[in-house]
K.L.:
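Dumping the structure here so I can ask a few things about it.
Order of the sequence lines fixes the chain letters, A, B, ..., with proteins taken first and strands second; residue numbering starts at 1 for each chain. Basis for what follows: all heavy atoms, side chains included, without hydrogens, waters or symmetry-related copies.
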Amino acid sequence: MREHLPILLVVLPMLAAPICSMLPRGRQAWLLATAVSWAVLAIAASLLIRVHAEGTISYALGGWPAPIGIEYRLDGLNALVQVLVAAIAACVLPFSGRSVQDEIDADRQPGFFALLLLLITGLLGIVATGDVFNVFVFLEISSLATYGLIAFGRDRRALLAAYRYLVLGSIGATLYLIGIGLLYALTGTLNMQDLAARLPAVADTRTAQTAITLVMVGLGIKMALFPLHLWLPNAYRFAPSAISAFLPATATKVAIYLMLRFVFDIFGVGFAFGRLELNEVLLALAAAAMLSASLAAMQQRDVKGILAYSSVAQVGYIVLGAALATPIGLTASLLHLFNHALMKGALFMAMGCVMLRVGRTDLDAIRGLGRRMPWTAAAFVVAGLSLIGVPLTAGFISKWYLVLAALEAGWWPLVILILVASLMALIYVWRVVALAYFAPNESQRREEAPLSMLVPLWLLVLANIWFGIDTRLSVAMAESGMRVLMAGPP
Amino acid sequence: MSPQLLMLSCLCLPLVGGGMLLLAHRRPRLRELILVLTAALSFTSALALLLQFREGNLLRLDLLTLLPGLDLMFEIEPLGALFAVLASGLWLPTSLYAIGYLRARKEEHQTRFHFWFCVAISATMGIAMAGNLLTLFVFYEVLTLSTYPLVTHIGNRGAVRGGRVYLGVLLATSIGLLLPAMLWTLHVAGTLQFTAGGILEGKLAPALAGLLLLMFVLGVGKAAVMPMHRWLPAAMVAPTPVSALLHAVAVVKAGVFTITKVVVYIFGTGFLGTVPAQRYLVYLAGFTVIAASVVALRQDNIKRLLAYSTISQLSYIVMATLALAPLALTGAGLHMVAHAFGKITLFFAAGAIYVAAHRTQVSELDGMGRRMPWTMAAFAIGALTMIGVPPSAGFVSKWFIIAGAYQADLYFVLAVIVLSTALNAFYMLPILHRAFFRAPEGRAHGEAPWPMRVALVSTAAASVLMFFFHAPILALTRSLTGAAP
Amino acid sequence: MSWLAHFNYWAVIVVMMTGLYMAIAQSDLMRKLIGITLLQTAVFFLYISFGFVRNAQVPILTEGAERYSNPLPHVLILTAIVVGVATTALGLALVVRIRERYGSIDEAELASLADEVEDLEPHHDFDDQDEHP
Amino acid sequence: MISLLLLLFLAITAIAIVRSRDTLTAVMLTGLSSLISACLFLLLDAADVAFTEAAVGAGISTLLMLAALHAVAPVRPQPRRVAWPALIVVLLCGGLLAYGTLDLPPFGAAENPVHQHVGNHYLEQTEREIGVPNVVTAVLASYRGFDTLGEVVVVFTAGLAVLLLIGRPRRKDEERDAR
């Protein structure tokens with residue numbers, strides 16, 4: 001049993017999904033999905049502990065050894081990302097119970113939870129696998145589930161957002177497919193480790209350069225890297241509350257993980273950043289993302305829109321750290337990947353609570369929230385402070401590392417950039433907070449969200465504070481991930 | 001009690017008290033009892049800490065590791081001990097005053113007010129005891145955030161606007177300048193530990209050190225050196241107890257305290273003497289002293305006038321610190337205390353006038369000395385402290401600054417002090433003249449409630465007493481310069 | 001000969017780019033999906049041509065056969081074809097729903113429709129708007 | 001040579017699709033292009049793929065499109081306008097691909113790395129390890145069986161999503177839309 005845990009992690013939600021879709025009532029489906037998500041979290045955590053104790057776990061699917069068959073390969077990096085995905089899922093699912101009841105027709109709820117489980121399956125599969133084509137298959141599972149889930153949004157613009165994401169996402173996946181096809185043509189293998197070993201021999205070819213470009217562009221779409229982020233804001237904005245809480249914390253993070261894996265582990269920094277100088281392109285894009293998306297966030301009239309654009313900006317932060325390609329930069333990048341999931345999850349969950357009680361999330365709906373929903377509003381404030389990067393919150397820690405990394409690399413302008421973007425975050429977050437606490441509202445009725453939503457929300461909020469004060473765990477994890485990446489191709 | 005426990009209690013007592021307040025929010029009397037007790041206990045523990053320190057105990061507390069190699073840690077040094085005692089000592093009268101003020105004004109959300117006040121005091125203690133720059137920065141930000149609900153307490157449009165300026169300036173300067181300055185320091189020196197003699201010597205070219213110092217001085221927005229002073233007048237929308245303790249003592253002194261710490265323990269006065277640009281910062285502070293006084297001359301609103309006066313007086317301290325003369329540094333420490341006593345008295349008086357007579361403008365103070373003799377007498381003492389006339393605390397501190405400037409041949413500083421003393425007299429004395437030598441008008445009214453009166457009389461008395469008994473404070477601030485030869 | 005050797009790739013690239021152009025530029029939602037289908041078909045061909053070996057046989061083991069084409073690309077493309085059609089199906093379902101609720105499947109029109117509703121009544125459920133002008 | 005002609009034909013079909021004004025024509029031409037590529041696959045020794053492409057690509061996909069077209073009709077004809085920004089992006093992308101294919105191993109050569117490594121293992125070992133003559137089936141079902149499982153899940157996901165979108169009566173929506 002113990003040695004099959006890596007595959008069980010992915011197969012468990014996969015098998016639960018059809019059962020879930022066949023359950024007659026939404027409530028039962030919700031219970032099943034929640035139970036599965038907790039089991040998944042337990043497995044993911046145990047795997048992470050095992051990776052740290054025993055080193056990399058390799059699991060040959062079907063018993064065929066690596067390049068012949070498909071391999072699941074867990075190291076300090078992806079075991080961590082798996083835990084992140086699982087933990088967010090385990091928080092979002094209990095939370096989703098009430099909001100789904102409110103937002104989605106009763107007869108479609110089991111299907112909703114089934115799709116959500118499939119989304120989790122897809123994400124976990126992408127992270128676990130050591131085979132580039134298998135990545136494509138699971139990428140499509142997660143993508144299709146995402147398109148379907150976004151389309152569940154009540155607003156009819158959700159359909160349009162889902163459609164646009166489908167078109168762009170399919171283009172991204174196809175570009176990725178071409179890229180790995182070219183790599184395959186050059187090396188004859190699809191296994192990541194094997195690819196990494198065989199690539200240096202053909203690195204000089206134009207084909208290899210094209211392949212890496214295509215893979216990066218394809219993943220760039222999936223992770224919403226500027227300027228390929230156009231699908232994201234509306235998708236997050238109009239998706240059902242539970243989905244907009246889940247996606248930003250996981251889906252883009254998994255795509256970023258994949259990019260890191262390709263750049264550092266498969267292509268190798270020397271090739272991708274040294275010869276191709278992709279790091280400079282990435283730095284420029286990250287900088288543009290941070291500035292332009294923060295500006296756009298400041299102009300939004302809908303809080304979910306603000307948060308969505310802010311997510312695009314935060315992807316910039318993460319890419320920035322990675323593009324520096326120094327140990328401390330990568331640590332910063334991974335830390336921010338983790339911390340941003342915590343804060344964005346919490347912020348979108350708070351908006352889910354508002355959606356439940358007020359029915360909309362535009363700035364007018366926020367007026368007087370401090371009175372009407374004190375706990376929700378307070379959660380938004382704390383998570384918002386974390387987003388700004390105020391000390392004693394998780395956001396501070398990752399930004400600290402980022403600035404330190406930029407300083408170490410001697411990139412002064414980047415330091416200024418990070419700080420300017422933080423100040424812009426201050427402006428767009430505080431606009432919401434000020435409305436929540438100081439804008440008068442006719443209705444002063446107290447209408448706090450139910451406990452089933454507040455508890456997961458505050459769990460994430462407290463995690464934001466915890467990882468802002470006691471950073472031993474998060475920094476150690478990020479550093480072990482960093483070491484995996486810095487070790488480079490085998 | 002072990003010193004470590006004492007430090008922890010300094011930090012946590014206000015928080016615990018605040019938590020208990022929240023629990024007792026339905027019973028005002030119990031709540032207020034808790035508040036006063038908490039303040040008294042905090043003062044006691046700060047005092048005990050000071051005594052421990054004077055016995056020569058090494059007071060150091062590693063709380064937890066925030067970032068690898070960077071702990072959240074506390075260490076007592078002379079200035080910090082002084083600041084802790086000062087802030088917690090003045091909290092006691094302020095809490096009395098606040099109780100009287102809020103009750104008389106029938107303010108809403110009194111529990112919330114007291115709670116955030118407790119948090120702010122706790123943050124101030126954290127700043128006072130901080131053992132490295134990171135710890136200081138963390139509590140600096142906590143102080144900013146915890147005072148925001150206090151500034152906007154009234155909740156009307158003006159309060160929100162004031163709060164926006166307050167938070168905007170303080171957070172923007174600290175994130176935009178102080179944080180990078182700190183990271184730069186860490187990058188260059190490899191540590192942020194406050195160390196006697198500084199940590200930067202020989203690690204940074206003098207020109208760059210000048211830039212770093214500029215980032216620190218402007219980044220510490222709480223010190224209100226122009227052009228980063230706008231938040232202080234804006235913060236005057238807050239209820240008067242907040243203006244009195246926080247925006248005359250805790251917050252602004254946290255600012256100059258931070259600058260002093262940076263000058264003494266990060267740069268080191270010796271190293272800073274070799275930095276050419278340091279001279280220009282003295283000029284900037286001097287300019288702030290004069291300019292703020294000139295602006296204060298033209299204010300009619302009492303609290304705004306006092307705010308500009310505070311800006312001016314803070315820059316005295318910054319200027320004296322940057323003068324780098326041992327005597328001036330001593331004077332800076334003394335002035336922190338003297339100004340605290342004087343300015344809190346002035347604010348107390350302003351609030352008492354507001355509560356008893358609903359007057360906020362200087363031009364409405366005719367004959368107030370006869371209606372509210374206690375209040376206006378205290379106001380007079382505060383005003384004398386600002387000007388620096390004996391027998392008030394302000395005289396002592398100014399004396400040391402002048403002596404220091406003379407010692408270091410800084411005639412610019414001398415000129416600034418002389419000129420600003422004249423300016424201070426110009427805006428303070430007309431108020432006293434109005435209050436005591438003009439006939440009262442309007443409806444008759446008495447003094448403010450007794451808790452407020454007790455508070456303002458005690459702080460006024462303290463500022464007179466300090467003139468006569470400044471030896472212990474002097475000894476402490478002397479040891480500060482001893483720490484930085 | 002060198003350019004002739006790459007002619008098949010170039011032809012495939014033309015097909016690919018035609019599909020990509022349709023998906024990006026054409027404003028009819030159906031045609032975007034057609035574009036994606038075209039793009040994918042071209043990619044399938046690319047993979048299959050990687051696996052091709054001249055003078056070889058279909059990779060079904062038979063007596064006497066010397067050479068087989070590479071079976072792995074075939075396997076991958078079998079998967080990819082199914083994935084592709086699944087995506088198309090979902091896309092089409094979305095188009096049908098969009099048509100139902102907006103009354104149009106033209107991107108330019110849809111964008112203006114969404115804006116229009118937003119400006120008129122920003123604070124209510126947008127679905128309340130009449131969708132058949 | 002036939003394959004070259006077919007390819008040319010495929011490219012022409014693609015151009016015809018993009019230039020067609022009527023969506024029905026575009027759908028039919030897409031079906032045609034799938035058929036052409038199925039023929040190409042057959043010529044390139046990929047019998048299973050050819051069969052699947054003909055059935056799924058030309059068959060099911062076209063049927064789905066026709067059904068959808070029926071549901072959304074009438075569709076206005078496509079205006080003939082060139083979107084220059086998109087064209088530039090596409091040309092850049094195409095240029096990159098053309099550049100990238102220049103260094104590809106020679107077409108159809110048995111010495112290519114593709115045929116040396118994993119692919120060869122399948123051809124040599126399938127008989128012993130799996131015992132099925134069709135190597136494609138062997139790889140599909142066993143060596144890379146997990147991909148196939150994933151493929152099934154993809155189909156399930158899409159099916160479920162489609163069903164949830166249009167499969168059941170949506171009384172609530174209709175009420176909402178009617179109001």
K.L.:
Heavy-atom cut-off 4.5 Å, strictly under: side chain, backbone, both or neither for L78(C) against chain D?
P.N.:
both
K.L.:
With only heavy atoms counted, which part of I17(D) is less than 4.5 Å from chain C, the side chain, the backbone, both or neither?
P.N.:
both
K.L.:
Would the distance check show the side chain of N112(D) and the main-chain N or O of P106(D) forming a donor-acceptor pair, the cut-off being under 3.5 Å?
P.N.:
yes
K.L.:
At a heavy-atom separation under 4.5 Å, does V95(C) approach chain D through its side chain, its backbone, both, or neither?
P.N.:
both
K.L.:
Looking only at atom types and distance, does a side-chain atom of T101(D) sit under 3.5 Å from a main-chain N or O of A98(D), one as donor and one as acceptor?
P.N.:
yes
K.L.:
Pick one of side chain, backbone, both or neither for T37(C), based on which atoms fall under 4.5 Å of a heavy atom in chain D.
P.N.:
side chain
K.L.:
Measure across H115(D) and F50(C) and return the closest heavy-atom pair with its distance rounded to 0.1 Å.
P.N.:
CE1-O, 3.5 Å
K.L.:
Relative to chain C, which segment of D48(D) carries a heavy atom at a distance below 4.5 Å: side chain, backbone, both, or neither?
P.N.:
both
K.L.:
Would you call the rings of Y9(C) and F107(D) parallel, tilted or perpendicular, taking 30° and 60° as the class edges?
P.N.:
perpendicular
K.L.:
If I measure from the heavy atoms of chain D, does D106(C) come under 4.5 Å with its side chain, its backbone, both, or neither?
P.N.:
side chain
K.L.:
Given side chains that start at C-beta, do those of L90(C) and L165(D) come closer than 4.5 Å, heavy atoms only?
P.N.:
yes
K.L.:
If I measure from the heavy atoms of chain D, does I77(C) come under 4.5 Å with its side chain, its backbone, both, or neither?
P.N.:
side chain
K.L.:
Could you check which of T148(D), L40(D), V136(D) has the highest count of heavy-atom pairs closer than 4.5 Å to chain C?
P.N.:
V136(D)
K.L.:
Among the options A67(D), A68(D), A158(D), pick out the one with the most heavy-atom pairs lying under 4.5 Å from chain C.
P.N.:
A68(D)
K.L.:
Which of the residues S104(C), A86(C), P71(C) is involved in the greatest number of heavy-atom pairs with chain D at under 4.5 angstrom?
P.N.:
P71(C)
K.L.:
Counting only non-hydrogen atoms closer than 4.5 Å, does A80(C) touch chain D with its backbone (N, CA, C, O), its side chain (CB onward), both, or neither?
P.N.:
neither
K.L.:
Any donor and acceptor pair, going by atom type alone, linking the side chain of T25(D) with main-chain N or O of R21(D) inside 3.5 Å?
P.N.:
no
K.L.:
Would you mind checking which part of M17(C) comes under 4.5 Å of any heavy atom in chain D, side chain (CB onward), backbone (N, CA, C, O), both or neither?
P.N.:
both
K.L.:
In Å and rounded to the nearest 0.5 Å, what is the CD1 to CD distance from I81(C) to E53(D)?
P.N.:
4.5 Å
K.L.:
In plain terms, say whether R144(D) and D147(D) are close enough for a salt bridge, that is, a side-chain N and a carboxylate O under 4.0 Å apart.
P.N.:
yes
K.L.:
Given the options L104(D), L91(D), T30(D), T13(D), which has more heavy-atom pairs under 4.5 Å with chain C than any of the others?
P.N.:
L104(D)
K.L.:
At a heavy-atom distance under 4.5 Å, which candidate from N134(D), V135(D), V72(D), V154(D) has the highest pair count against chain C?
P.N.:
V72(D)
K.L.:
Does a donor on one side chain and an acceptor on the other come within less than 3.5 Å for Y21(C) and Q26(C)?
P.N.:
no
K.L.:
Please state whether the side chain, the backbone, both or neither of T88(C) comes within less than 4.5 Å of a heavy atom of chain D.
P.N.:
side chain
K.L.:
Among P105(D), A83(D), A161(D), P85(D), which residue has the highest count of heavy-atom pairs closer than 4.5 Å to chain C?
P.N.:
A83(D)
K.L.:
Relative to chain C, which of G57(D), A86(D), P133(D), S34(D) shows the most heavy atom pairs under 4.5 Å?
P.N.:
P133(D)
K.L.:
Determine the minimum heavy-atom distance between L102(D) and W10(C), stating which atoms define it.
P.N.:
CD2-CZ2, 4.2 Å
K.L.:
Is there a donor-acceptor contact under 3.5 Å from the side chain of R99(C) to the main chain of L94(C)?
P.N.:
no
K.L.:
Measuring heavy-atom distances to chain C, does T137(D) have an atom under 4.5 Å in its side chain, in its backbone, in both, or in neither?
P.N.:
neither
K.L.:
Side chains of N120(D) and E124(D) only: does a donor on one sit below 3.5 Å from an acceptor on the other?
P.N.:
yes
K.L.:
Measuring heavy-atom distances to chain C, does L69(D) have an atom under 4.5 Å in its side chain, in its backbone, in both, or in neither?
P.N.:
both
K.L.:
What part of V152(D) lies closer than 4.5 angstrom to a heavy atom of chain C: side chain, backbone, both or neither?
P.N.:
neither
K.L.:
Do you know which of S27(C), S49(C), G84(C), A25(C) has the most heavy-atom pairs with chain D at a distance under 4.5 angstrom?
P.N.:
S49(C)
K.L.:
Between I34(C) and chain D, which part of the residue has a heavy atom less than 4.5 Å away: side chain, backbone, both or neither?
P.N.:
both
K.L.:
Hey, is the main chain of T62(C) close enough, under 3.5 Å, to the side chain of Y68(C) for a donor-acceptor pair?
P.N.:
yes
K.L.:
Between T87(C), L20(C), V14(C), who has the most heavy-atom pairs with chain D when the cutoff is under 4.5 Å?
P.N.:
L20(C)
